[in-house]
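What follows is a short report on a single structure.
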Protein chains: 2
Amino acid sequence: MHIKYYPFFGNLANPLKIRIVGELKQNEMSVLDLADKLNEEQSKISHALKSLKNCSIVEMRQSGKKRIYSLNKETILPILDILDKHESKFCKKCKAKFRL
Amino acid sequence: MHIKYYPFFGNLANPLKIRIVGELKQNEMSVLDLADKLNEEQSKISHALKSLKNCSIVEMRQSGKKRIYSLNKETILPILDILDKHESKFCKKCKAKFRL
DNA sequence: TATAAATATGAATATTTATTCATATGTATA
DNA sequence: TATACATATGAATAAATATTCATATTTATA
């Protein structure tokens with residue numbers, strides 16, 4: 001059994017990081033764009049992006065003096081989709097209500 | 001965007017809990033069976049199972065004086081499958097090597 | 001090439017999460 | 001119905017993770 005999935009899931013287990021995923025699901029954007037959108041400090045975003053990138057949940061490209069981050073949709077969208085189904089099927093009365 | 005996926009992922013982000021998932025992927029079993037198999041203390045297993053159950057990652061049925069836990073394969077197997085693909089495609093040189 | 005803009009980094013602290021251990025609760029059966 | 005077996009629980013502690021803030025790097029341009 002693969003047991004070291006957990007660094008990957010650890011990223012998705014974090015409120016800020018999952019919010020970043022949510023934003024990048026809509027549009028790729030720079031670090032400061034994310035900081036603005038999410039109303040969080042720049043260094044916080046940078047730290048979060050670093051670990052997301054370590055697990056290939058996001059990708060980065062340089063564009064001028066900005067770094068544009070984008071979501072690895074191939075992996076992440078199907079996972080979120082499964083979670084939506086899971087929620088509606090198994091979490092009717094779920095304690096940890098999954099909604100924002 | 002659903003932001004409260006993270007209690008769910010938090011479970012998969014934990015080494016013990018993912019080992020439990022690994023065992024239950026093979027066979028359903030009781031708390032003490034798991035404790036034996038994984039060589040961990042019973043209460044540790046119970047605590048872990050409780051939060052896995054809260055997110056419907058595992059199910060439980062009573063059988064005599066034992067409680068038999070089983071994996072929610074419908075949700076979990078596809079997720080693990082996506083992770084396997086992700087690993088082989090994106091994590092060739094990944095820091096957090098995903099293998100046991 | 002000095003400067004500003006954009007991002008990253010490190011280390012201290014704070015917060016969250018897990019572990020431990022003693023004990024309580026539930027379940028069957030002698 | 002007393003006892004053993006199986007599991008759960010609570011609270012203290014330990015460990016892992018995130019946040020903060022000051023500062024270092026990186027990148028483009030005046």
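All values below come from the heavy atoms of this structure, side chains included, with hydrogens, waters and symmetry mates left out. First the proteins, then the strands, lettered A, B, ... as listed; each starts at 1.
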### Query
Should the ring pair B:Phe8 and A:His86 be called parallel, tilted or perpendicular, given that the plane angle runs from 0 to 90° and is split at 30 and 60?
perpendicular
## Note on the structure
Atom NZ of B:Lys65 and atom C1' of C:dT25 are separated, to the nearest Å, by 14 Å
### Message
How close do A:Asn72 and A:Thr75 get, counting heavy atoms only, and between which atoms?
### Response
OD1-N, 3.2 Å
### Query
What residues in residues 28-39 of chain A put a non-hydrogen atom under 4.0 Å from any atom of DNA chain C?
A:Ser30, A:Val31, A:Leu32
### Task
Would you confirm whether B:Gln62, through its side chain, and B:Gly64, through its main-chain N or O, come within 3.5 Å as a donor-acceptor pair?
yes
### Task
Search all heavy atoms of A:Leu12 against all heavy atoms of B:Tyr6 and return the closest pair with its distance.
O-CB, 3.5 Å
### Message
Going by the rule side-chain contact (heavy atoms from CB on, under 4.5 Å), which residues pair with A:Ser51 if we only count those two or more places apart in sequence or in a different chain?
### Response
A:Asn11, A:Lys17
### Query
Which is the 5'-most and which the 3'-most nucleotide of DNA chain D that has an atom under 4.0 Å from a heavy atom of chain A?
D:dA18 to D:dA28
### Task
Would you kindly compare B:Ala48 and B:Gly64 by the position of their nearest DNA chain C nucleotide and give the one closer to the 5′ end?
B:Ala48
### Message
Considering every strand and a 4.0 Å limit on heavy-atom distances, what is the contact class for A:Glu41: base, sugar-phosphate, or nothing?
### Response
base
### Query
In terms of the nearest nucleotide of DNA chain D, which residue is placed more toward the 5' end: B:Lys44 or A:Glu40?
B:Lys44
### Query
Taking atom C1' of C:dA18 as reference, at what distance in whole Å does atom CG of B:Leu52 sit?
13 Å
### Summary
The side chain to side chain contact (heavy atoms under 4.5 Å, CB included) partner of B:Tyr69 among B:Glu23, B:Glu59, B:Lys53, B:Met29 is B:Lys53
### Task
Starting at atom CD of B:Gln62, determine the distance to atom P of C:dA28, rounded to an integer number of angstrom.
6 Å
### Query
Contact class for A:Gln42 (heavy atom, under 4.0 Å): base, sugar-phosphate, or nothing?
base
### Task
Report the distance from atom NE2 of B:His47 to atom C1' of C:dT23, rounded to the nearest whole Å.
12 Å
### Message
Keeping B:Ser63 on the side-chain end and B:Ile68 on the backbone end, is there a donor-acceptor pair under 3.5 Å?
### Response
no
### Message
Return the OG to CG distance between B:Ser30 and B:Asp36, rounded to the nearest 0.5 Å.
### Response
8.0 Å
### Atom-to-atom span, CE of A:Met60 to C1' of C:dA8 - whole angstrom
10 Å
### Summary
The answer to which of A:Arg67 and A:Ser43 contacts DNA chain D further toward the 5' end, by nearest nucleotide, is A:Ser43
### Message
To the nearest 0.5 Å, what is the distance between CD1 on B:Ile20 and CG on B:Leu34?
### Response
6.0 Å
### Query
So which one's nearest nucleotide on DNA chain C is more toward 5', B:Ser51 or B:Ser63?
B:Ser51
### Message
At 4.0 Å (heavy atoms only), tell me whether B:Lys17 reaches a base, stays on the sugar-phosphate, or touches nothing.
### Response
sugar-phosphate
